[in-house]
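What follows is a set of notes on a single structure, which appears directly below.
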Amino acid sequence: MYDRIKGFRDFYPEEMQARRQVTDTIETVARQYGFREIGTPALERAEMYADKSGDEILEELYAFEDKGGRKLALTPELTPTVARMVVAKQQELSKPIKWMSTRPFWRYEEPQQGRFREFYQTNVDIFGSADPAADAEILAVAADGLTELGLSSEDFDFKVSHRDILGGLLETFGDVNTTAAIRAVDKRAKIDEGQYFELLTDAGLSDSQAREFDELLTTPADSLDELVDFAGTDRVEQAVENLENVLAATEDFGVRKHCTVSLTTARGLDYYTGVVFECFDSTGEVSRAVFGGGRYDTLIEGFGGQPTPAVGFAPGHATLSLLCQRAGVWPEESVTTDYYVLQVGDTRPTAARIARDLRAGGNIVEADIAGRSFGAQLDYADSINADLVVIVGERDLENGEVTLKDMTSGDQKSVPVDAFPGESKSPTFAEF
RNA sequence: UCCGGGUUGGGGUAGUGGUAUCCUUUGGCCUUGUGGUGGCCAAGACGUGGGUUCAAUUCCCGCACCCGGACCCA
C-alpha cells in the first residue's frame with residue numbers, strides 16, 4: 001500500500017457529491033453576477049512569488065527545478081497568476097474585468113483544522129473599477145453565495161475594515177511602521193493584551209499612542225467622523241468616506257445586514273489597500289476566519305501593468321465546509337440514482353433500450369454489469385440509493401411487461417414494456 | 001520548522017512479552033424473480049525501520065501519517 005501524501009486528501013463519491021453541490025452553488029451565484037470562469041496553470045515560475053514576498057516564501061511552497069532548469073512552484077494562490085493574465089492582455093480586455101475560478105492550490109504547511117497542503121478555493125475578482133460599487137458587489141456575491149448555501153445572517157458575519165483608515169490613523173502618530181502595526185491589529189483577537197501592545201510599540205508607537213490608537217479602532221460604525229476629526233487628514237477623510245460609500249452600496253445590494261464595521265479586522269497580507277473584510281462564524285464555533293477579501297489597487301501595477309484597481313475575495317472550501325457543517329447546512333453525503341434497470345435472465349436488449357431511453361431523459365441510470373443475481377442486484381440498487389428499479393424479467397417480458405418498483409415503499413406494478421419510459425423524461429412510480 | 005495527543009482488518013473496537021476479541025463492512029451462496037430485516041461460507045489488521053529479548057503488536061528510539069495547536073496565512 002502507498003501512503004497518501006501528508007496534507008493531501010482523497011474525496012470519495014459521497015463527500016465529493018456534497019462538495020460539488022457547494023462549489024456549484026457559489027459559482028452559480030458568481031456567474032449570475034457576470035463573473036466569467038477562467039482556467040489557470042498549476043505551475044508558475046517560483047520567482048513570481050519570491051520577487052513579491054522574498055525568498056523565504058519558497059520555504060512555504062512546493063518549489064523545484066524542472067528538466068529545463070526552470071525554478072517552478074505549485075501555485076499557492078491565484079492572485080499573482082491572475083495579475084499576470086490581466087497585465088498580458090491589459091489593452092484588449094474590456095473593463096471591468098470580472099473573473100472567477102475554483103481550483104486547488106498548494107502550500108507546504110503543517111495541516112490543522114481547515115488547513116491542508118492541497119486546498120480548494122473559489123476566487124472572485126474585479127479589475128478596473130475603483131468605484132465603491134465594485135467593493136460592494138464583491139461583498140454581495142460573497143453574502144449571496146453563503147445565503148444560497150442555506151446560511152443566514154445568524155450564521156455568519158462579515159467584519160469590514162479599511163486599510164487606509166488604519167494606515168491614515170497610524171500616519172498621524174508620526175514615524176510608525178504601518179505594516180507591522182497592521183499585523184499587530186490583525187493578531188489583536190488572537191494574542192493577549194500585553195503582547196498586542198508590545199507589537200504596537202515595536203512598530204513605533206509610544207505606550208500612550210498605542211492605547212489611543214486601539215481606542216480609535218473600536219469607534220462605532222455611526223461615529224466614523226470622529227476618526228476624521230482626530231486625524232484631520234485628507235487621507236483618513238477619504239478613506240472613511242469610501243468605507244461609508246461601500247456600506248451604502250451594500251445596503252442597496254441587499255447585503256448590508258451581513259456586514260459589521262470592525263476596524264480591528266486587518267487581514268495579514270500587506271497588499272491590501274482599501275476595504276478589507278473577513279467572514280466569521282457568528283457563533284464563534286469555527287474559531288478562525290472562514291475567508292476574507294478586499295481591495296488591492298496597487299498589485300497589478302506591481303506586476304508591471306498599468307495602474308489597475310482591483311477587489312476580490314476567495315473562500316477556501318475547507319473552512320467553508322466547517323461553517324456549513326456547524327450551521328447544519330452541509331449537503332448530505334450520499335450518491336443518488338434515479339433508476340436501476342434490473343435484469344432477470346437474458347433480457348439485456350430490452351433492459352439496455354430502457355436504460356438508454358431513461359438516460360436520454362437526463363437521468364442517472366445504472367444497470368447490471370456484473371452478471372449478478374436478482375437479490376444481489378436489488379441489494380446493489382439499494383446501496384446506490386436508487387429511487388426506482390425497473391425489473392426487466394423474462395417472465396414479465398413474455399406478457400409484454402416490465403415491473404416498476406418504488407424502492408422507498410417497496411410497492412410494485414406492472415407496466416407495458418412498450419410504454420416505458422414513454423413520453424415522460426423522468427417517469428415516476430405514480431405515473432403508471 | 002516547533003509543541004501536545006494518537007496509529008490494531010475498509011470503518012469502529014477488545015486485548016496481550018508467546019501473532020489477536022467483538023461489531024460492522026465487502027464478496028459469494030441459500031434464492032438469476034425481490035433489497036433495506038434471516039442463515040451459511042469466505043476475505044480482511046497490530047503504520048514503518050531499528051534496538052532490547054529465546055520471543056515484540058505489546059518495552060525503548062527514529063521516521064511516516066492522522067488529529068489539534070504555534071509560526072505563517074502570500
Side-chain angles (χ1 to χ4, degrees), chain A residues 1-10 12 14 44 46 48-61 63 73-83 105-117 119 121 123 179 183 186-187 190-191 195 266-272 278 287-292 294 296 299 302-303 314 316 318-319 322 337 340 342-348 351 368 370-398 401-412 414:
Chain A
M1 280 297 289
Y2 296 105
D3 289 335
R4 193 156 29 85
I5 301 299
K6 179 178 182 174
F8 285 64
R9 290 170 299 163
D10 301 320
Y12 288 87
E14 292 74 18
E44 292 281 4
M48 196 157 91
Y49 307 104
D51 289 352
K52 186 172 126 208
S53 315
D55 282 345
E56 317 84 62
I57 203 70
L58 296 175
E59 292 302 307
E60 287 147 58
L61 263 46
L74 281 169
T75 53
E77 57 163 332
L78 189 68
T79 308
T81 297
V82 122
F105 295 97
W106 301 270
R107 290 182 192 175
Y108 200 89
E109 291 184 304
E110 289 311 303
Q112 45 191 276
Q113 189 175 44
R115 292 179 69 171
F116 301 92
R117 288 186 170 180
F119 57 96
Q121 260 185 7
N123 281 260
T179 307
R183 278 226 175 105
D186 185 52
K187 289 188 176 151
K190 282 167 121 184
I191 59 182
Q195 288 174 304
R267 300 288 288 152
L269 308 186
D270 22 89
Y271 63 61
Y272 286 113
E278 286 186 336
S287 56
R288 60 185 77 239
V290 178
F291 61 85
Y296 48 103
L299 192 81
F303 272 79
T319 43
L322 290 176
T337 309
Y340 181 85
L342 192 152
Q343 294 170 49
V344 192
D346 186 18
T347 60
R348 195 164 72 187
D368 180 48
R372 287 207 262 222
S373 69
F374 193 106
Q377 289 189 66
L378 263 191
D379 217 344
Y380 178 73
D382 193 44
S383 76
I384 59 173
N385 300 315
D387 291 333
L388 285 176
V389 168
V390 185
I391 301 169
V392 184
E394 287 172 331
R395 202 190 291 164
D396 291 355
L397 281 185
E398 283 172 18
E401 293 178 327
V402 293
T403 301
L404 213 52
K405 183 181 180 75
D406 181 318
M407 290 297 276
T408 308
S409 65
D411 296 345
Q412 303 190 170
S414 293

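First the proteins, then the strands, lettered A, B, ... as listed; each starts at 1.
Phe291(A) approaches Ala314(A) most closely through the heavy-atom pair CB-O, 3.7 Å.
Per the geometry, CG belonging to Asn123(A) stands 18 Å off P belonging to rC73(B), to the nearest Å. Residue Glu77(A) contributes atom CD, which lies 11 Å from atom P of rC73(B) at whole-angstrom precision. Going from atom CH2 of Trp106(A) over to atom C1' of rC73(B) covers 18 Å, rounded to whole Å. When rounded to the nearest whole Å, the span between CD of Glu60(A) and P of rA70(B) equals 15 Å. Atoms OH (Tyr108(A)) and P (rC2(B)) sit 11 Å apart, rounded to a whole Å. Remark: P of rC73(B) and CZ of Phe119(A) are 13 Å apart, rounded to the nearest angstrom.
Between the side chain of Thr347(A) and the backbone N or O of Val392(A) there is at least one donor-acceptor pair closer than 3.5 Å. Between the side chain of Glu394(A) and the backbone N or O of Asp346(A), at least one donor-acceptor pair lies under 3.5 Å. Arg288(A) contributes a side-chain N or O that, together with a main-chain N or O of Gln113(A), makes up a donor-acceptor pair within less than 3.5 Å. In this structure a side-chain-to-backbone donor-acceptor pair under 3.5 Å is missing from Arg372(A) to Gln377(A).
Among residues two or more places apart in sequence or in another chain, the salt bridge (charged side-chain N to carboxylate O under 4.0 Å, His left out) test is passed with Asp10(A) by Arg4(A).
Nucleotides rG10(B) and rC72(B) are separated by 40 Å at their P atoms, to the nearest Å. Across rA14(B) and rG50(B), the matching P atoms stand 29 Å from one another, rounded to whole Å. Taking atom P in both rC63(B) and rU1(B), the straight-line distance is 10 Å, to the nearest Å. Distance noted for atom C1' between rU19(B) and rG27(B): 26 Å (whole Å). rU31(B) and rG38(B): their C1' atoms are spaced 12 Å apart (whole Å). As rounded to the nearest Å, rG49(B) and rC54(B) have C1' atoms that lie 22 Å from one another. Spacing between rU13(B) and rU24(B) at atom C1', rounded to whole Å, works out to 10 Å. Comparing the same atom, P, in rU57(B) and in rA20(B) gives a spacing of 12 Å after rounding to whole Å.
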Practice item. Starting at the 5' end of nucleotides 63-69 of chain B, put B wherever the base has a protein heavy atom under 4.0 Å, S where only the sugar-phosphate does, and a dash everywhere else. Key: -SSS-SB

Check your understanding: With the sugar-phosphate defined as primed atoms, P, OP1 and OP2, and the base as all remaining atoms, what B/S/- string results for nucleotides 28-38 of chain B, 5' to 3', for protein heavy atoms under 4.0 Å?
Key -> S---BBBBB--

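Across the strands present, rA20(B) finds no partner; the criterion is a Watson-Crick or G-U wobble pair with both atom distances under 3.5 angstrom. Using N1 to N3 plus N6-O4 or O6-N4 for Watson-Crick, or N1-O2 and O6-N3 for G-U wobble, each under 3.5 Å, rC40(B) pairs with rG28(B). Across all strands shown, rU7(B) is found opposite rA64(B) as a Watson-Crick or G-U wobble partner, with both distances under 3.5 Å. Under the Watson-Crick or G-U wobble criterion, with both distances below 3.5 Å, rG35(B) is left unpaired in every strand shown. Under the Watson-Crick or G-U wobble criterion, with both distances below 3.5 Å, rA55(B) has no partner in any strand shown. When both distances must be under 3.5 Å, the Watson-Crick or G-U wobble mate of rC2(B) is rG69(B).
Atom-to-atom distance recorded for Phe8(A):CZ and Phe119(A):CZ is 10.0 Å, nearest 0.5 angstrom. Here Tyr108(A) contributes atom OH and Arg117(A) contributes atom CZ; the two are 4.5 Å apart, rounded to the nearest 0.5 Å. Of the inter-residue distances, the one linking Met407(A) atom CE with Asn385(A) atom CG reads 9.5 Å to the nearest 0.5 angstrom.
A donor and an acceptor atom, one from each side chain of Tyr49(A) and Glu44(A), are nowhere located under 3.5 Å apart.
Glycosidic conformation of rU19(B): syn, with the torsion inside 90° of 0.
Arg348(A) CZ: 12 or fewer foreign heavy atoms inside a 6.0 Å radius.
A donor N or O paired with an acceptor N or O is found under 3.5 Å between the base of rC72(B) and the side-chain atoms of Arg115(A).
Using a 4.0 Å heavy-atom criterion, one finds that Leu342(A) contacts no nucleic acid atom at all.
Considering only side-chain N and O atoms, Lys187(A) lies under 4.0 angstrom from the phosphate OP1 or OP2 of rC72(B).
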